[in-house]
Amino acid sequence: QVQLVESGGGLVQPGGSLRLSCTASGIIFSVYDMGWYRQAPGKQRELVATITSGSTTNYADSVKGRFTISRDNVKKMVYLQMNSLKPEDTAVYFCRTGGGRYWGQGTQVTVSS
């Protein structure tokens, strides 16, 4: 059974940082592309960043230069380091793999003063 469990969300002031983590189980993690997506209230879910099995990364324009995705194949984890956070980054952040077949439950990120 495939499971993705996110953690690390919370409330942060504008300009602050957070690091999200996603722990995977039930898959051969090293061969899977991984991604972070987010969904703000009243909006569609959108891609934030992806990392391939070969560690090639891709970012949404809105987060380029501020967010960094990385992975640890030994720990079966993918991370999203978020710096210079803005109120518009407020959303539930989801971990995804398997071409969209598998999603985590999400972790709330709120950027507010």
Side-chain angles (χ1 to χ4, degrees):
Q1 181 180 355
V2 179
Q3 276 195 313
L4 300 174
V5 180
E6 302 96 335
S7 61
L11 173 64
V12 62
Q13 292 188 341
S17 298
L18 280 176
R19 187 196 195 203
L20 305 184
S21 300
C22 171
T23 303
S25 59
I27 58 172
I28 303 173
F29 182 82
S30 61
V31 304
Y32 276 78
D33 298 345
M34 303 296 297
W36 285 99
Y37 289 71
R38 67 185 181 187
Q39 188 166 18
K43 295 188 176 181
Q44 289 190 329
R45 195 170 295 190
E46 63 177 4
L47 179 147
V48 176
T50 60
I51 185 166
T52 68
S53 58
S55 294
T56 299
T57 58
N58 180 56
Y59 297 92
D61 288 343
S62 59
V63 307
K64 280 181 182 176
R66 300 188 298 122
F67 291 10
T68 302
I69 188 171
S70 61
R71 65 189 295 156
D72 185 329
N73 288 340
V74 174
K75 294 182 178 179
K76 296 186 177 182
M77 296 184 72
V78 60
Y79 306 99
L80 187 67
Q81 178 66 44
M82 306 186 294
N83 299 328
S84 302
L85 283 160
K86 305 175 181 180
E88 51 263 44
D89 294 318
T90 295
V92 179
Y93 283 71
F94 297 90
C95 183
R96 189 192 99 151
T97 192
R101 285 177 294 169
Y102 308 116
W103 292 85
Q105 82 288 348
T107 186
Q108 176 70 47
V109 171
T110 302
V111 185
S112 175
S113 55

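For the numbers below, each heavy atom of this structure counts, side chains included, while hydrogens, waters and symmetry mates do not.
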> Do you see a donor-acceptor pair shorter than 3.5 Å between the side chains of D33 and T52?
Replying inline: no

> Among side-chain atoms of Y37 and R45, is any donor-acceptor pair under 3.5 angstrom?
Replying inline: no

>> With side-chain contact (heavy atoms from CB on, under 4.5 Å) as the criterion, how do V48 and L80 come out once you've worked through the C-alpha distance, each side chain's angles and the decisive distance to 0.1 Å?
In response: CA-CA 9 Å; V48 176; L80 187 67; 4.1 Å; yes

>> Which heavy atom of A91 sits nearest to which heavy atom of A40, and what is that distance?
In response: CB-N, 3.8 Å

> Is there a side-chain contact between C95 and V78 (heavy atoms, below 4.5 Å)?
Replying inline: yes

>> Tell me whether V74 shares a hydrophobic cluster with V5, the cluster being built from Ile, Leu, Val, Met, Phe, Trp, Tyr side chains joined at under 4.5 Å.
In response: no

>> Hydrophobic clustering (ILVMFWY, side-chain heavy atoms < 4.5 Å, transitive) - are I51 and M77 grouped together?
In response: no

> Shortest non-hydrogen contact from S53 to S30?
Replying inline: CB-O, 3.3 Å

>> Quick check for you: to the nearest 0.5 Å, what is the distance between T50 atom OG1 and R96 atom CZ?
In response: 9.0 Å

>> What verdict does the side-chain contact (heavy atoms from CB on, under 4.5 Å) test give for E6 and Q105, after you've listed the backbone C-alpha separation in whole Å, the side-chain angles of each residue and the deciding distance to 0.1 Å?
In response: CA-CA 7 Å; E6 302 96 335; Q105 82 288 348; 2.8 Å; yes

>> Any non-hydrogen side-chain atom of P87 less than 4.5 Å from a side-chain atom of P14?
In response: yes

> How close do L4 and A24 get, heavy atom to heavy atom, and via which atoms?
Replying inline: CD2-CB, 3.6 Å

> Within 45 degrees of the axis of the six-membered ring of F29 and under 6.0 Å from its centre: does R71 put its NZ or CZ there?
Replying inline: yes

> How long is the span from the CG atom in L11 to the OG atom in S113, to the nearest 0.5 Å?
Replying inline: 9.5 Å

>> I need the minimum non-hydrogen distance between A60 and L47, along with the two atoms involved.
In response: CB-O, 3.4 Å

>> Can you tell me how far apart OG (S25) and CD (Q3) are? Round to the nearest 0.5 Å.
In response: 4.5 Å

> How far does OG1 of T97 sit from CH2 of W103, to the nearest 0.5 angstrom?
Replying inline: 10.5 Å

>> Given the ring of F94, does R38 sit roughly above its face, with NZ or CZ under 6.0 Å from the centre of the six-membered ring and within 45° of the axis?
In response: no

>> How long is the straight-line distance from CE of M34 back to CG of N73, given to the nearest 0.5 Å?
In response: 10.0 Å

> Roughly how far, to the nearest 0.5 Å, is CG of N83 from OG1 of T68?
Replying inline: 6.5 Å

> Listed by chain and number, what are the side chain to side chain donor-acceptor pair (under 3.5 Å) partners of K64, not counting sequence neighbours?
Replying inline: D61

> Is there a donor-acceptor contact under 3.5 Å from the side chain of S21 to the main chain of Y79?
Replying inline: no

> Taking side chain as C-beta onward, heavy atoms only, is T90 less than 4.5 Å from V109?
Replying inline: no

> Would you find more than 12 non-hydrogen atoms of other residues, nucleotides or ligands less than 6.0 Å from E88 atom CD?
Replying inline: yes

> For the residue pair W36 and F67, is the inter-centroid distance of their aromatic rings smaller than 6.0 Å?
Replying inline: no

>> Testing L20, V63, D89 one by one against M82 for a side chain to side chain contact (heavy atoms under 4.5 Å, CB included), which residue passes?
In response: L20

> Do S17 and Q81 come within less than 4.5 Å of each other through their side chains, counting heavy atoms only?
Replying inline: yes

